[in-house]
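Only one structure is covered here, and it is reproduced in the block below.
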Amino acid sequence: MRQRRVRAAGIAAAVVALVAGGVSVLPALAAAGPTLAQVATARGFSIGTAAGVKTLASSQWRYVADTQFNSVTMGNEGKWDATEPAQGQFDFAAADFIADYARTTGKRLRGHTLVWHSQLPAWVSTDRTAAEQRQVLLDHVTGVAGHFKNKVAQWDVVNEPFNEDGTFRSSVWYQRLGEDYIADALTAARAADPAAKLYINDYNVEGVNAKSTGLYNLVQRLQARGVPIDGVGLQAHLIVGQVPSTLRQNIERFTALGLKVEITELDVRIPLPADASELTQQAADYRAVVGACAAVAGCTGVTTWGVGEADSWVPAFFPGYGAALLFDEQWRARPAYSAVVEALGGTPSVPEPPATPSLVTVASWPFETGLAGWGSRGSEVTTASTAAAHGGTGSVLSSGRTATWQGPTRPVLDLLTPGKLYTVSAWARTASGSGTARLSMQRQNGTATRYENVSANTAISTTWTRLSGDYLFLPGATALSVYLETTDTTGDLYLDDVTIQTEGTPTSASASASPSVSASVSPSASRSPSASVSPSASRSPSRSPSGSPSVSPSSSASSGGTGCAVHYAKNDWGGGFAGDVTVTNTGSTAVTGWTLRWTFAGNQQVSQAWSTVLTQSGAAVTAVNAAWNGTIPAGASANFGFLASYTGGNTDPSAFTLNGTACTLR
C-alpha cells in the first residue's frame with residue numbers, strides 16, 4: 001500500500017511537470033486523484049477511445065472523453081464510403097470534425113481506415129483491370145492520407161486482411177491485386193504522410209494462433225522487401241473471461257521484429273444482464289490486457305471502442321451481450337475503469353458522472369396558422385390544409401407531385417449551430433395508398449450539395465407515421481433545408497408537427513437515473529470470440545452526414561433496364577445474425593435511386609442496418625439507398641448489411657424486387 005502511494009505521488013508530480021512544460025494535459029473530473037488520461041500521459045502511454053461526429057456532439061460523451069482519454073480514433077468517418085463516396089470526389093467534413101476535436105483537446109489522433117473490404121461505395125468494385133484497380137487504391141490512400149498530413153499520428157492503413165486460418169480474405173483487393181495491395185497501400189501512405197506511423201489492424205489476432213501467425217509472416221515479408229510498416233493493431237473485441245493466455249507472448253514476438261503494437265478496439269462483452277461477478281471478471285480482463293501491453297516496451301497504447309453503453313457497437317451486433325466498456329448507461333465508471341488505472345500504475349479515484357442535459361426546442365411547426373415558411377422543392381404545390389391533421393386542425397399538403405424527391409421544404413440554416421447534434425421529428429401521411437416517407441436535410445457547401453437522411457418509415461393514408469432521427473450539423477454550410485419526400489410513390493403527401501430539438505442546460509446528475517439493460521436473446525458466454533461479424537463494421541444504423549449526393553432533385557428513380565440480381569448471405573450465431581446483401585444491376589442502364597424489398601419467411605426482426613435506410617413492417621422489409629450509394633451503374637453492385645434477431649428458424653428470403661422489378665438470386 002505504501003508503494004502505491006509513492007507511485008501515485010510520482011504520477012501527480014509528473015502531471016505538474018508536464019503542465020509546467022507546456023504540454024496539453026486534460027482537465028480533471030471532480031475526483032480526488034488523477035484521471036485515467038493523466039495517469040497514462042504521465043507514463044508516456046496512450047489511452048484512447050473511438051469517436052464519431054454524433055458522439056462528439058453529446059455533452060455527456062464529451063464530459064467523459066475530454067478528461068479520461070488522451071487519444072481518439074476516427075470511427076466511420078475515416079472509412080472509404082465517407083471520405084470518397086464518388087470516385088475522385090473527396091469529402092472530409094465529418095473526419096475533419098474529429099481531427100479538430102483531437103487538436104483542440106490535445107489528443108493524439110489515430111486514422112481508421114484507408115483500405116478495408118467493407119463499407120466500400122459501389123463504384124470501388126466496378127469491373128476494371130488490375131492496373132485500374134491499383135490506381136483506385138493509390139489515389140484513395142494518397143488523397144486521404146495527404147489531406148491529414150501531419151495531423152494523424154497513426155493510420156490503420158490496411159484493416160482485417162486475414163481469414164481465421166491465416167489465409168488472405170477474398171476481398172476485391174486481394175482478388176484483383178493479390179497480396180501486393182497491402183504493400184501498395186503502405187507505400188502510398190508513407191509517401192503521402194511521412195510522419196504518420198503505419199499499421200495493419202485485425203481482430204482475433206490477440207493471442208498466438210493461425211491468424212496472428214499469418215499476420216506475423218506477412219510483416220516479415222514486407223520488412224524483407226523494404227515496405228514501410230511501423231506496427232500492428234490488435235483489435236481485442238473479447239468475451240468476458242476469455243483473454244488469450246498468449247497475449248503478452250504475441251505482443252513480444254511482434255515487438256521483437258522492431259514493430260510497435262497497439263490494442264486498437266478493446267471491449268469485453270458480457271451476457272446480459274451483467275451481474276457483480278461478471279463485472280469483477282471483466283475488470284480482471286481489462287487489467288490483464290492493459291497490463292500486458294504496458295509491460296512490453298514496444299506496446300504503446302490501448303484504445304477502447306467507445307466510451308460507454310451509449311456508443312457501444314456490441315448490443316446491436318451481438319444480441320444478448322453488452323456492458324462491454326469502461327462506463328455504463330449513465331456514464332458511471334464500471335469496476336474495469338479502476339482496474340485500467342491500476343494496470344497503468346495509478347491509484348484509482350472514481351469520477352463523478354456528467355449531468356443529464358435538458359432538451360430545448362429550437363423550432364416547432366404545428367401548421368395551425370399557415371405554412372410558416374414552408375414551400376415546394378419542384379413543380380409540386382405546397383399548401384396549408386385542414387383536410388387532415390396530426391395535432392390540432394392544420395397540416396401541410398404537397399400535391400401534384402411528379403417525382404419522388406418532391407415535397408415540402410423549409411430553410412433552417414439560421415436556426416442551427418454548426419457542431420451541434422439535433423433531433424428532428426415530423427409526422428407524415430399519404431393522401432391515398434402507401435409509400436416510404438423520408439425526412440432529410442439538404443446541405444449546400446459552396447457548389448457541393450449533400451442529401452442527408454434523418455429518418456424513413458412507411459406512411460399510409462389511414463393514420464399518421466412518425467419520423468424522427470438525429471442530425472449533426474457540420475461546419476461550412478452555405479445553405480441548409482429540411483424536407484420531406486417519398487422513395488417509391490408520387491402521390492399527395494401530408495406533413496405535420498415538425499420539431500427540431502437539441503441539448504440545453506444540464507438538469508440533473510445522471511447518477512440518479514436507474515440503469516435499464518435488457519435483451520431478448522441471451523447467447524451463452526462460452527461462444528467463441530471469433531464470431532464472424534466484422535468488428536470494425538460500425539456500429540451505427542445510419543451513415544454519418546458526409547456522403548455525397550447520389551440523387552439530384554431533378555432526377556427520379558429508374559429501374560436501370562430490366563435486370564437485377566441479389567446475393568443474400570448471413571452470419572448466424574443462433575438467435576441472432578448479421579445479414580449481408582449485394583444487389584447487382586444486370587440491366588443496360590444505370591439505376592438512379594433504388595428500393596429493394598423482400599419478405600422474411602420467419603419472425604426475423606431487424607435491429608440495425610448500415611449503408612441503407614431500412615424499415616420493416618411485419619415480415620416485409622424495405623431497404624432504400626443511402627445518400628451516397630443511390631446510383632448503381634450497369635454491371636455494378638451496391639452492398640449493405642443489417643443485424644437481426646429471431647426465434648425458431650432463419651430461412652433465407654426467397655424473392656427480392658428492385659424498384660418493382662423481380663431479381664434473380666445468386
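Heavy atoms only: backbone and side chains are in, while hydrogens, waters and symmetry mates are out. All values reported here derive from a predicted model rather than from experimental measurement.
- Taking OG1 of Thr478 as the reference point, atom CZ of Arg443 lies at 9.5 Å (rounded to 0.5 Å).
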Give every donor-acceptor pair under 3.5 Å between a side-chain atom in residues 457-466 and any protein atom, sequence neighbours left out.
{"residue": "Trp464", "atom": "NE1", "partner": "Ala389", "partner atom": "O", "Å": "3.3"}
{"residue": "Thr465", "atom": "OG1", "partner": "Thr458", "partner atom": "O", "Å": "2.9"}

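- Partners of Thr126 under the side chain to side chain donor-acceptor pair (under 3.5 Å) rule, at least two apart in sequence or in another chain, do not exist in this structure.
- With sequence neighbours excluded, no residue satisfies side chain to side chain donor-acceptor pair (under 3.5 Å) with Ser481.
- Phe367 meets the ring-ring contact (aromatic ring centres under 6.0 Å, His included) test with Trp374; sequence neighbours excluded.
- Looking at residues two or more places apart in sequence or on another chain, you find a ring-ring contact (aromatic ring centres under 6.0 Å, His included) between Phe92 and Phe90, His147, Phe148.
- Qualifying side chain to side chain donor-acceptor pair (under 3.5 Å) partners for Thr393, counting only residues two or more places apart in sequence or in other chains: Glu368.
- For Asp100, the side chain to side chain contact (heavy atoms under 4.5 Å, CB included) partners at least two apart in sequence or on another chain are Arg103.
- Applying the salt bridge (Lys or Arg N to Asp or Glu O under 4.0 Å) rule to Arg62 yields the partners Asp66; only residues at least two apart in sequence or on another chain are considered.
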Side-chain polar contacts of residues 411-421 - donor-acceptor pairs under 3.5 angstrom, sequence neighbours left out - could you list them?
{"residue": "Lys420", "atom": "NZ", "partner": "Glu503", "partner atom": "O", "Å": "3.4"}

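- Aromatic pair Trp80/His117: ring centres not closer than 6.0 Å.
- Taking the six-membered ring for Trp and the full ring otherwise, Trp313 and Phe317 have centroids separated by under 6.0 Å.
- Using a 30° and 60° split on the angle between ring planes, Tyr483 and Tyr451 fall in the perpendicular class, above 60°.
- Between Phe473 and Tyr471, the ring-plane angle classifies as parallel under the 30° and 60° cut-offs.
- For Thr622, the side chain to side chain donor-acceptor pair (under 3.5 Å) partners are Arg597, not counting sequence neighbours.
- In this structure, Thr369 has no side chain to side chain contact (heavy atoms under 4.5 Å, CB included) partners at least two apart in sequence or on a different chain.
- Ring-plane geometry between Phe656 and Trp598 is classed as tilted, the angle between the planes lying from 30 to 60 degrees on a 0 to 90 degree scale.
- In terms of the side chain to side chain contact (heavy atoms under 4.5 Å, CB included) criterion, residue partners of Ser364 (sequence neighbours excluded) are, by chain and number, Thr361, Pro366, Thr499.
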